[in-house]
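Within every chain, numbering begins at 1; the chains are lettered A, B, ... in the order of the sequence lines, protein sequences first and strands thereafter.
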Number of protein chains: 2
Amino acid sequence: MNALGYALLGMLMRKPCSGYELTQLLEVFWQAKHSQVYPLLTKLEQDGLVTFVHVEQTGKPDKKIYSITDEGQTLLTQWVTKPSAPPVIRDEFLAKVYAIGLTDTNTAKRLFRERIFSFEEKVAFRKEEISQMQEEYGSELEQITCRHFGRYLLFQRKLKLEEEEIAWCHWVLGLLDNTKINATAKK
Amino acid sequence: MNALGYALLGMLMRKPCSGYELTQLLEVFWQAKHSQVYPLLTKLEQDGLVTFVHVEQTGKPDKKIYSITDEGQTLLTQWVTKPSAPPVIRDEFLAKVYAIGLTDTNTAKRLFRERIFSFEEKVAFRKEEISQMQEEYGSELEQITCRHFGRYLLFQRKLKLEEEEIAWCHWVLGLLDNTKINATAKK
DNA sequence: ACAACCATGTAACGCGTTACATGATTGC
DNA sequence: GCAATCATGTAACGCGTTACATGGTTGT
């Protein structure tokens with residue numbers, strides 16, 4: 001089985017979820033579209049690692065709520081302690097930074113300011129998620145015994161990294177300013 | 001054309017490179033194997049965006065050194081200012097953290113200590129890369145006019161994020177210790 | 001001896017995205 | 001009226017990995 005399969009099992013340890021919900025919750029540490037998640041869940045179900053119940057809703061479409069089975073838990077537990085594949089990062093913006101010399105200073109600044117803006121949105125969103133969790137579960141959240149501990153750790157991590165990204169952008173903007181001052185000074 | 005194609009063009013702006021070298025240099029912001037890079041370079045060459053010269057070597061296999069063409073530069077320049085696709089991150093370790101509650105505290109600690117170790121190696125390597133660059137190019141490196149400016153920015157960014165990852169792991173280890181203390185205190 | 005590095009390439013397969021398909025409800 | 005949210009699914013395609021193939025040199 002592949003990493004995404006295990007990731008879904010792991011998320012179902014926290015609480016039973018629909019495929020729709022899993023697709024969204026995935027965002028903190030993986031990216032996958034529903035078109036990948038739904039067929040995988042069907043496969044996990046066929047393999048006896050998860051089960052689902054139909055839930056009828058009014059005013060919303062019906063949904064399938066998936067739960068992890070004992071068999072699924074056994075497999076997942078084995079997987080958790082195995083060595084992990086190195087993280088994969090693919091960031092188009094960074095590819096553009098590589099070639100930033102092609103643009104003028106002002107355009108470069110604009111690009112970094114836009115990056116800051118998009119990450120500030122993420123940070124605000126992340127902080128909300130964290131404080132919501134803290135309100136709901138309190139200090140219990142910081143114990144490994146809490147069902148939401150893992151997710152909480154990932155939120156804190158994401159927040160830190162997003163803030164660091166912003167700090168880096170500001171540092172770059174500083175460099176871009178210096179360049180301009182020196183150029184002006186030389187005149 | 002896809003993002004990797006542009007990424008390769010961007011790297012060739014800095015200096016002409018072989019496919020082998022490009023595959024390695026890619027590591028700061030993208031991941032791709034040589035089996036993907038070589039055919040893409042062939043395609044870029046057919047499209048007139050890069051050219052190459054055969055370089056015979058003694059004691060080493062011959063290589064092809066690729067350079068970006070004017071046409072390639074035009075295309076790349078257009079691309080740089082376009083909005084970027086959101087970054088993609090897929091990290092198996094983080095998927096495991098989600099389900100960390102399945103393991104005992106000691107195993108969890110071991111996993112985080114291993115993560116710290118692997119990131120400390122990365123940090124050490126990154127610092128070397130940065131100081132090598134600084135020795136070679138000096139303060140010129142911090143100007144947008146420097147050919148290596150973009151790459152330098154990416155190195156600094158990676159270093160920061162890798163250090164932040166380590167700090168997060170230490171924070172988690174602290175939480176795991178607290179849990180243990182409370183459990184002991186309760187006895 | 002054996003692994004690692006340099007260097008390029010192809011083929012098969014699996015993972016992931018885009019697009020197509022449906023349909024009710026809520027907010028602007 | 002139009003977009004967004006909720007909810008699930010399939011099909012086609014493109015991106016990315018694994019494995020196969022070759023072969024000399026350097027270091028342990």
Side-chain angles (χ1 to χ4, degrees), chain A residues 1-9 11-12 16-27 29-47 50-66 84-92 95 125, chain B residues 1-8 11-12 16-27 29-47 50-66 84-92 95 121 125:
Chain A
M1 229 222 322
N2 64 26
L4 181 57
Y6 285 110
L8 293 176
L9 290 181
M11 285 192 283
L12 292 175
C17 291
S18 67
Y20 185 84
E21 208 182 348
L22 288 170
T23 306
Q24 295 178 312
L25 293 174
L26 218 42
E27 178 259 1
F29 65 102
W30 205 269
Q31 275 80 43
K33 306 288 153 87
H34 71 270
S35 55
Q36 198 180 2
V37 172
Y38 291 130
L40 226 182
L41 284 171
T42 305
K43 205 207 140 214
L44 292 177
E45 196 263 332
Q46 282 163 5
D47 294 349
V50 301
T51 50
F52 70 88
V53 283
H54 277 282
V55 174
E56 283 176 48
Q57 297 189 122
T58 48
K60 286 182 190 178
D62 297 352
K63 59 181 172 181
K64 292 179 178 179
I65 298 292
Y66 287 88
S84 303
V88 169
I89 297 167
R90 291 199 183 92
D91 194 330
E92 222 180 288
F125 184 66
Chain B
M1 228 222 323
N2 64 25
L4 182 58
Y6 286 109
L8 294 176
M11 285 192 284
L12 293 175
C17 290
S18 67
Y20 185 84
E21 208 181 348
L22 289 170
T23 307
Q24 295 177 314
L25 293 174
L26 217 43
E27 177 260 1
F29 65 102
W30 205 268
Q31 276 80 46
K33 306 288 152 87
H34 70 271
S35 55
Q36 199 180 2
V37 172
Y38 291 130
L40 226 181
L41 284 170
T42 305
K43 205 208 140 213
L44 292 177
E45 196 264 334
Q46 282 163 4
D47 293 350
V50 300
T51 49
F52 69 89
V53 283
H54 277 282
V55 175
E56 284 176 47
Q57 297 187 118
T58 48
K60 286 180 189 180
D62 297 351
K63 58 182 174 181
K64 292 180 179 179
I65 297 292
Y66 287 88
S84 302
V88 170
I89 297 166
R90 291 200 182 91
D91 193 329
E92 223 180 286
E121 285 182 325
F125 184 65

Q: Mind checking what makes salt bridge (charged side-chain N to carboxylate O under 4.0 Å, His left out) contact with B:K60, not counting sequence neighbours?
A: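 With neighbours one apart ignored, the set is empty.
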Q: Ignoring backbone atoms, test whether A:Y20 places a side-chain nitrogen or oxygen under 4.0 Å from the OP1 or OP2 oxygen of D:dC6.
A: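 So the side chain of A:Y20 is within the cut-off, an N or O lying under 4.0 Å from OP1 or OP2 of D:dC6.
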Q: What is the distance from CD of A:E21 to P of D:dT5, rounded to the nearest Å?
A: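 These atoms are roughly 16 Å apart.
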Q: So, using side chain to side chain donor-acceptor pair (under 3.5 Å) as the criterion, who are the partners of B:T23 when residues are at least two apart?
A: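 Side chain to side chain donor-acceptor pair (under 3.5 Å) check on B:T23 returns nothing, list empty.
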Q: Say whether, by atom type as modelled, one donor and one acceptor occur between the side chain of B:Q31 and the main chain of A:R90 under 3.5 angstrom.
A: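 Between the backbone of A:R90 and the side chain of B:Q31 there is no qualifying donor-acceptor contact (under 3.5 Å).
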Q: Indicate whether OP1 or OP2 belonging to D:dG9 is found under 4.0 Å from a side-chain N or O atom of A:Y38.
A: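 So the side-chain polar atoms of A:Y38 never come under 4.0 Å of the phosphate oxygens OP1 or OP2 of D:dG9.
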Q: Compare all side-chain heavy atoms of A:L12 with those of A:L44 and state whether any distance is below 4.5 angstrom.
A: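 With C-beta onward as the side chain, the pair stays apart.
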Q: Check DNA chain D against residues 56-66 of chain A and give the residues with a non-hydrogen atom under 4.0 Å, in numerical order.
A: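 Heavy-atom cutoff 4.0 Å gives A:Q57, A:K60, A:P61, A:D62, A:K63, A:K64.
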Q: With 3.5 Å as the limit, what N/O pairs link the protein to nucleotides 15-18 of chain C?
A:
{"unit_1": "C:dG16", "atom_1": "OP1", "unit_2": "B:R90", "atom_2": "NE", "d": "3.4"}
{"unit_1": "C:dG16", "atom_1": "OP2", "unit_2": "A:Q36", "atom_2": "NE2", "d": "2.6"}
{"unit_1": "C:dG16", "atom_1": "O5'", "unit_2": "A:Q36", "atom_2": "NE2", "d": "3.3"}
{"unit_1": "C:dG16", "atom_1": "O3'", "unit_2": "B:R90", "atom_2": "NH2", "d": "2.9"}
{"unit_1": "C:dT17", "atom_1": "OP1", "unit_2": "B:R90", "atom_2": "NH2", "d": "3.1"}
{"unit_1": "C:dT18", "atom_1": "OP2", "unit_2": "A:K33", "atom_2": "NZ", "d": "3.2"}
{"unit_1": "C:dT18", "atom_1": "O4", "unit_2": "A:S35", "atom_2": "OG", "d": "2.7"}

Q: With sequence neighbours left out, write down each residue that passes side-chain contact (heavy atoms from CB on, under 4.5 Å) with A:A32, or none if nothing qualifies.
A: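 A:L4, A:L26, A:W30, A:Q36, A:V37.
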Q: For A:D47, what residues pass the salt bridge (charged side-chain N to carboxylate O under 4.0 Å, His left out) criterion, not counting sequence neighbours?
A: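 Checked A:D47 against salt bridge (charged side-chain N to carboxylate O under 4.0 Å, His left out); matches are A:K43.
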Q: Which residues pass the side-chain contact (heavy atoms from CB on, under 4.5 Å) test with A:S18, not counting sequence neighbours?
A: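 Applying side-chain contact (heavy atoms from CB on, under 4.5 Å) to A:S18 gives A:Y20, A:E21, A:K63, A:I65.
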Q: Per the end-axis method with five pairs at each terminus, what is the bend angle of the helix from C:dA1-D:dT28 to C:dC28-D:dG1, to 10°?
A: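 Roughly 50° between the end axes, to the nearest 10°.
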Q: Whole Å only: how far is the CG atom of B:L40 from the P atom of C:dT8?
A: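 B:L40 atom CG is separated from C:dT8 atom P by 15 Å.
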Q: Measure CG/A:L41 against C1'/D:dG9 and give the value in whole Å, please.
A: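 Whole-Å distance recorded here is 12 Å.
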Q: Would you please name every residue forming a side-chain contact (heavy atoms from CB on, under 4.5 Å) with A:E27, sequence neighbours left out?
A: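 For A:E27 the side-chain contact (heavy atoms from CB on, under 4.5 Å) partners, ignoring immediate neighbours, are A:R126.
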Q: If I take atom CG from residue A:L9 and atom OH from residue A:Y6, how far apart are they, to the nearest 0.5 angstrom?
A: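 Atom-to-atom, A:L9:CG and A:Y6:OH are 8.0 Å apart.
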Q: Side chains of B:V50 and B:L8: does their closest heavy-atom pair fall under 4.5 Å?
A: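 Of all side-chain heavy-atom pairs linking B:L8 with B:V50, none is under 4.5 Å.
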Q: Checking B:S35 now: which residues fulfil side-chain contact (heavy atoms from CB on, under 4.5 Å) with it, not counting sequence neighbours?
A: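 Checked B:S35 against side-chain contact (heavy atoms from CB on, under 4.5 Å); matches are B:K33.
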